[in-house]
Amino acid sequence: MMKYSFLVLFFYTLMQAQPVELKAGRVVRISDFGSKFIASRNVDVWLPDGYTESQKYDVLYMHDGQMLFDPESTWNKQAWEVDDIAHALIKSGQVKPFIVVGIWNNPSFRHQEYFPQKAFESMTAEQQKLISDEYLNLKKISEPFKPVSDAYLKFIVTELKPYIDSHFSVFTDQNHTFIMGSSMGGLISMYAYCEYPKVFGGAACMSTHWTGIYRNENNPVPEAMSNYLQAHLQPEVGRKIYFDYGNQTLDSLYAPWQKKVNELLKAKGFTPKNAMSQFFPGENHSEEAWKKRLDIPLTFLLGKAKQ
């Protein structure tokens, strides 16, 4: 296992010790949740105001869990502020009551855990080396790149979900179970939706990092992702998938690839009822940007059916 850089370790340790201040609801922190498949990590379970064992709740699994709630507790002083937005949507009756399971990332293995493994393995050895060298040069990793996203999803589905199902008052079936993330977290949410169709009834993929690396030129990743989707993405009754992107900072890379995915969705028979893709001009690649539009995917996935 690679060693943490001093800076990454400093911020990660600081965030673990920092209490989370909420605007609504409460967080139950499960420290160092163990796994047979990946390194242990914190899991923050957000419960809405009025949470009670006498009713059942939908469940939203979210990646990068340490960035979800309190901006004062994060490394960049930004957060999705999920508690505030979810509370408002639940209170207004726009969505079904739900809890959020925030899965902290492992700073040293975020790319390995979030990069769709089957897409990577479909590349040639030369293409795989290109990706690995890019990450090494940018110090995103410290040893040759090998995704472990299959193990990460197995952790969620076979270890974390059974714990949540047995310790909280939630619906356990596909129709009430969703997954969401941004950037690389968007990729792994898409991958979870495809790999576990009987588990996840919907996925939200915000600012999906289709490029894998950080440029468009001489980059085999988007085609590998497209080929994976062509083989695995299918419209199914009751299931939904959401994509979006901006056009500033890192999001400026995504337009051609998201448009190709949109064409694929249409060709496969997805409709506005089960697929949504949104473009937000002027928006960048940050928690502040995702916070501003978080209500849209939440309403799309968890919205109450119109009578």
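Heavy-atom basis, side chains included; hydrogens, waters and symmetry copies ignored. Bear in mind that the values here come from a model prediction, so they are computed numbers and not experimental data.
In this structure, CZ on Arg41 lies 13.0 Å from CD1 on Ile30, to the nearest 0.5 angstrom.
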Next on the checklist: I'd like to know whether Gln66 forms a side chain to side chain donor-acceptor pair (under 3.5 Å) with Asn42, so could you lay out the CA-CA distance, the side-chain angles of the two residues, the decisive distance to 0.1 Å, and finally the verdict.
Outcome noted: CA-CA 8 Å; Gln66 59 265 59; Asn42 290 348; over 6 Å; no
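Not less than 6.0 angstrom separates the ring centroid of Phe98 from the ring centroid of Phe178. Taking the centre of each ring, Tyr254 and His209 come in below the 6.0 Å mark. Residues Tyr152 and His63 place their aromatic rings such that the two centres sit under 6.0 Å apart.
In this model, no donor atom of one side chain and acceptor atom of the other lie less than 3.5 Å apart for Ser286 and Glu288. Side-chain contact check for Trp80 and Asp64: no donor-acceptor pair (N or O, by modelled atom type) lies under 3.5 Å. One side chain, Asn76 or Glu287, offers a donor N or O that lies under 3.5 Å from an acceptor on the other. Checking Asp150 against Tyr191 by side-chain atom types alone, a donor-acceptor pair falls below 3.5 Å. A donor atom on one side chain and an acceptor atom on the other are not found under 3.5 Å apart for Ser149 and Glu113.
Electrostatic pairing of Glu159 and Lys154 does not count as a salt bridge here, judged by no charged N lying under 4.0 Å from a carboxylate O.
Residue pairs meeting the side-chain hydrogen bond (donor to acceptor under 3.5 Å, both in side chains) criterion with at least one member in residues 166-178, sequence neighbours excluded: Asp58-His176.
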Considering only distance and modelled atom types, tabulate donor-acceptor pairs under 3.5 Å from the side chains of residues 192-202, sequence neighbours left out.
unit_1: Glu195; atom_1: OE1; unit_2: Lys118; atom_2: NZ; d: 2.9
unit_1: Glu195; atom_1: OE2; unit_2: Tyr228; atom_2: OH; d: 2.5

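Using a 4.5 Å cut-off on side-chain heavy atoms (C-beta onward), Asp44 and Leu68 make no contact. Inter-residue side-chain proximity for Gln112 and Arg110 is flagged as unmet; no heavy-atom pair is nearer than 4.5 Å.
Qualifying ring-ring contact (aromatic ring centres under 6.0 Å, His included) partners for Tyr51, counting only residues two or more places apart in sequence or in other chains: Tyr57.
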